[in-house]
Q: 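Quick one: the structure is below, and I'll ask about it shortly.
We count ligands from 1, going down the list as the structure has it; atoms in each ligand are counted the same way.
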Amino acid sequence: MINLISDTVTKPCRDMLAYMMQAEVGDDVFGEDPTVNALQEKVAKMFGKEAGLFCPSGTMTNQIAIKINTNPLDEVICDIDSHIYQSETGGYAFNSGVAVNLIQGNYGKITTNQVANVIKPGHDWQPISKLVVLENTCNKGGGSIYTLDEVVPTSNYCKANGLNIHLDGARIFNALVETNESTIDWGRHFDTISICLSKGLGAPVGSLLLGTKDKIKEARRFRKVMGGGMRQAGYLAAAGIFALENNIPKLKIDNDRAKHIGKILSSLPFVQELKPVQSNIVIFKLQDDIRDHDFIQILKQNGILAVPFGDNTIRFVFHLDITENMVEQLEQILPTLI
Ligand SMILES: *Cc1c(COP(=O)(O)O)cnc(C)c1O
């Protein structure tokens with residue numbers, strides 16, 4: 001099967017497993033797992049942040065970020081398609097007691113002007129605008145990429161207006177291999193950053209939240225209350241270290257394959273519309289006479305796994321466990337489908 005359901009479906013390779021097996025571990029709830037500590041320090045340093053926190057999922061790092069960057073009755077400003085709004089079970093309301101102020105961006109990307117236009121003046125009948133969240137790459141935006149040029153004015157605006165700014169960088173490395181911008185430059189412009197190890201980087205589990213020492217100290221408390229305090233988590237952290245040391249450049253291959261398959265799809269009759277392909281995600285809308293669930297079945301009969309992605313669209317995600325041979329098969333199968 002050619003599994004394009006998500007870049008989370010990757011399984012650890014033999015070398016990653018071997019690296020995990022030799023990890024030195026301890027009890028991380030006491031801060032005594034040397035491998036977790038090494039991973040946290042490594043990623044914090046990469047982004048020029050003071051501290052990092054290893055968490056079981058990107059949902060948890062985002063939820064903690066919302067918690068430590070807001071107070072109840074504040075609001076979070078984000079794109080309407082953002083993961084924190086669409087795919088985290090409404091956790092912003094449940095965990096942090098905050099509202100969302102949704103912006104219709106351009107393929108998931110929002111501008112400084114759009115943010116400035118929705119800031120509330122702070123009447124006592126209004127939520128207080130407190131946190132801006134940007135997502136890079138934007139998953140539901142079709143894997144679209146922000147450049148630094150686009151985010152720096154928003155970051156400066158936030159700083160000047162007393163707003164915090166968080167980066168949901170679940171797939172930040174898929175963006176950086178395209179733009180060749182540095183992690184340090186990105187780190188400078190955000191109060192907190194989430195990154196995922198279990199997407200294209202190929203680790204089985206794990207995300208990191210980055211920020212100041214004080215913010216991460218607070219984050220540790222919320223990780224604990226969410227049940228995310230893990231004990232000998234160093235085996236999992238080792239997978240993350242291995243992923244960061246070996247798999248970042250490979251993301252470019254995923255991005256290139258997505259662009260290549262996107263190009264093929266754009267000329268096929270069953271595709272009504274294709275979101276611009278900038279990284280490893282391909283989202284296309286089917287013609288109205290083909291229903292997404294039927295199309296998923298046709299794909300499956302042809303050895304391809306994918307998911308419907310809302311509004312009669314299909315998402316393909318390219319990742320580490322897709323081989324060149326699978327890409328060749330896709331080239332041949334896709335034009336024959338309907
Ligand atoms: C996958 C993802 C996350 C985190 O998801 P988990 O499955 O909880 O690790 C956060 N943001 C974006 C944009 C994502 O794609």
Q: Please compare Lys140, Arg171, Lys199, Glu88 and report which has the shortest non-hydrogen distance to atom 3 (C) of ligand 1.
A: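 Going through Lys140, Arg171, Lys199, Glu88 one by one, Lys199 has the nearest heavy atom to atom 3 (C) of ligand 1.
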Q: What do we get for Asp168 next to ligand 1 when only non-hydrogen atoms under 4.0 Å count, side chain, backbone, both or neither?
A: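 Only the side chain of Asp168 comes within reach of ligand 1.
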Q: Please give me the minimum heavy-atom distance between Leu210 and Gly52, naming the atom from each residue.
A: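 Looking at all heavy atoms of both residues, the closest pair is CD2-CA, 3.9 Å.
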Q: Please identify which atoms of ligand 1 are closer than 4.0 Å to at least one heavy atom of Glu135.
A: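 Under 4.0 Å from Glu135, ligand 1 has these atoms: 13 (C).
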Q: Could you check whether Glu50 pairs with Lys215 (Lys NZ or Arg NE/NH1/NH2 to Asp/Glu carboxylate O, under 4.0 Å)?
A: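 Looking at Glu50 and Lys215, the cut-off is not met.
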Q: Using a 4.0 Å cut-off to any heavy atom of Asn139, which atoms of ligand 1 qualify?
A: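 Near Asn139, the atoms of ligand 1 are 15 (O).
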Q: If you count heavy atoms of other groups shown closer than 6.0 angstrom to NZ of Lys213, is the number above 12?
A: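 No, not enclosed.
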Q: Students should be able to answer this: which protein heavy-atom is nearest to atom 8 (O) of ligand 1, and at what distance?
A: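 Protein heavy atom with the smallest distance to atom 8 (O) of ligand 1: Thr59 OG1, 2.6 Å.
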Q: Evaluate the criterion side chain to side chain contact (heavy atoms under 4.5 Å, CB included) for residue pair Leu131 and Glu75; output intermediate values, then yes/no.
A: CA-CA 7 Å; Leu131 173 66; Glu75 72 176 10; over 6 Å; no
Q: Which atoms of ligand 1 are found less than 4.0 Å from any heavy atom of Ser57?
A: 8 (O), 9 (O)
Q: Touching ligand 1 at all, Met60? Heavy atoms, strictly under 4.0 Å?
A: no
Q: Parallel, tilted or perpendicular for Phe284 and Phe295, by the 30°/60° rule?
A: perpendicular
Q: For ligand 1, is any non-hydrogen atom under 4.0 Å from Asn62's backbone (N, CA, C, O), its side chain (CB onward), both, or neither?
A: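 Answer for Asn62: side chain.
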Q: Would Phe47 and Phe190 count as a close aromatic pair, with their ring centres under 6.0 Å?
A: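 Not close enough - the centres of the two rings lie 6.0 Å or further apart.
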Q: Run the salt-bridge test on Asp28 and Arg231 with the 4.0 Å N-O cut-off and return the result as yes or no.
A: no
Q: Tell me: protein heavy atom nearest atom 9 (O) of ligand 1, and distance?
A: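 Answer for atom 9 (O) of ligand 1: Gly58 N, 2.8 Å.
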